[in-house]
2 protein chains.
Amino acid sequence: MVSDETDSGSDSPPLLSGDSDALSQFIENMGLYFEDYGIPRIGGRILGLLLVARRPVSPEEMSEVLQVSRSSISTNLRSLLMAGLVERVSLPGERSDYYVISEEAWERSLEMRLEGIQALREIAEEGLQGLDAGHPARQRLEEMLSWTVMVEDAYRKLLEAWQSRKEVPA
Amino acid sequence: MVSDETDSGSDSPPLLSGDSDALSQFIENMGLYFEDYGIPRIGGRILGLLLVARRPVSPEEMSEVLQVSRSSISTNLRSLLMAGLVERVSLPGERSDYYVISEEAWERSLEMRLEGIQALREIAEEGLQGLDAGHPARQRLEEMLSWTVMVEDAYRKLLEAWQSRKEVPA
DNA sequence: CAATTGTTTCTGTCAAGACTGAAACAATTG
DNA sequence: CAATTGTTTCAGTCTTGACAGAAACAATTG
């Protein structure tokens with residue numbers, strides 16, 4: 001699925017190097033994985049590409065390497081930028097924009113999970129208000145609520161731990 | 001979205017009681033929430049209904065209350081059963097099957113998250129093998145790997161904590 | 001300031017899959 | 001064992017959204 005461009009005279013350093021079959025597979029796997037979680041496959045592939053690229057990548061290059069249209073790249077890139085997973089960097093003397101995986105991508109990923117579980121907690125809380133005391137379903141919703149609280153808590157701690165992971169170098 | 005059946009002479013206890021607007025909203029919210037996470041909306045609504053019902057619910061009743069076809073109920077119910085989120089119970093003297101939320105639904109939910117993160121860890125590990133030592137992308141994949149390991153670990157602990165939550169009653 | 005190059009937006013096409021209704025199937029009961 | 005009731009499977013419809021290609025837009029450079 002990864003097609004190397006026939007470098008048309010450009011003198012930019014190579015985008016990919018190493019076991020290119022393994023890297024193609026990696027990019028493809030990322031696409032499939034993210035698709036399972038509601039992110040467009042091409043978005044996942046862009047993330048995969050950015051993760052294994054030797055240097056920042058231009059939309060044009062993404063289009064060539066991943067063999068998809070520029071407009072698809074544009075759309076997906078914008079989602080990834082808005083989600084805070086990807087960042088734009090300007091390379092001196094370059095006209096085109098270049099993109100990299102955000103430093104905070106993994107952190108953002110945790111934050112998104114946290115937001116999801118908070119939404120579920122709110123649903124549980126509101127539902128609970130529709131049940132009178134002693135209702136047989138109250139127990140179930142209370143269990144649901146305590147589950148969301150527990151998970152939310154764990155995410156919060158995980159987030160802190162991840163953020164401070166470098167601060168404790170042996 | 002929730003339409004109460006015009007009880008046709010049956011003498012079964014009521015399915016829902018309490019603030020029925022709030023309960024309808026709850027059921028609908030569950031549908032929307034799960035849809036965001038790749039579960040069919042009707043599946044989420046079934047879970048919502050089972051959470052707030054006063055007693056086990058038959059497929060027939062689900063169809064009436066949620067206003068969807070029996071075949072949709074059947075299909076979604078099967079997925080939920082296979083996922084271990086819903087269980088069948090037999091009511092004495094009743095011909096029809098009845099269903100409830102599984103005792104282990106929340107536990108299963110954590111297990112599913114755990115499986116997801118494990119898959120991502122494997123993708124990272126395989127990708128890492130395609131990069132020679134010193135490759136500028138190695139650092140990024142190593143960070144990804146350590147993130148997955150950290151999250152996987154947290155899920156494992158969370159799972160244990162949830163499983164043993166009753167064993168330590170003040 | 002025209003021309004060239006790069007990027008985004010817009011519209012149409014296509015594919016995936018959720019849902020329905022009907023038919024097939026199973027099983028219980030008189 | 002026929003008839004009735006309940007459940008699943010199947011085929012078709014419809015909606016959603018990803019993607020491509022073309023046009024519009026922006027901006028840089030000679």
Here DNA chain D, pairs taken as Watson-Crick or G-U under 3.5 Å and shown with ( ), [ ] when crossing and | when to another strand, reads ||||||||||||||||||||||||||||||
At under 4.0 Å between heavy atoms, how does the protein contact nucleotides 18-30 of chain D? Give one character per nucleotide, 5' to 3', with B, S or -. -SBB-----BS--
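Going from atom CZ of R88(A) over to atom C1' of dT7(C) covers 11 Å, rounded to whole Å. When rounded to the nearest whole Å, the span between CD of E60(A) and P of dT8(C) equals 12 Å. Rounding to whole angstrom units, CD1 of residue I39(B) and C1' of dG17(C) are separated by 15 Å. Between the CD atom of E61(A) and the C1' atom of dT7(C) there is a distance of 15 Å, given to the nearest Å. With rounding to whole Å, M62(A) atom CE is found 14 Å from dG6(C) atom C1'.
For the pair L50(A)/V100(A), no side-chain contact is recorded, criterion being any heavy-atom separation below 4.5 Å from C-beta on.
Counting any heavy atom pair closer than 4.0 Å across all strands shown, S74(B) reaches a base atom.
OP1 or OP2 of dT7(C) has not a single side-chain nitrogen or oxygen of R78(A) nearer than 4.0 Å.
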Atom pairs, N/O to N/O, protein against nucleotides 11-15 of chain C, distance under 3.5 Å?
none

Donor-acceptor pairs under 3.5 angstrom involving side-chain atoms of residues 76-86 of chain B: please list them, not counting sequence neighbours.
unit_1	atom_1	unit_2	atom_2	d
N76(B)	OD1	G43(B)	N	3.3
N76(B)	ND2	S72(B)	O	2.9
S79(B)	OG	T75(B)	O	3.4

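For Y33(B), the ring-ring contact (aromatic ring centres under 6.0 Å, His included) partners two or more places apart in sequence, or in a different chain, are Y37(B). Partners of Q163(A) according to the side chain to side chain donor-acceptor pair (under 3.5 Å) rule, which considers only residues two or more places apart in sequence or in another chain, are E107(A).
Panel note: side chain R138(B), backbone L131(B); a donor-acceptor pair is recorded below 3.5 Å.
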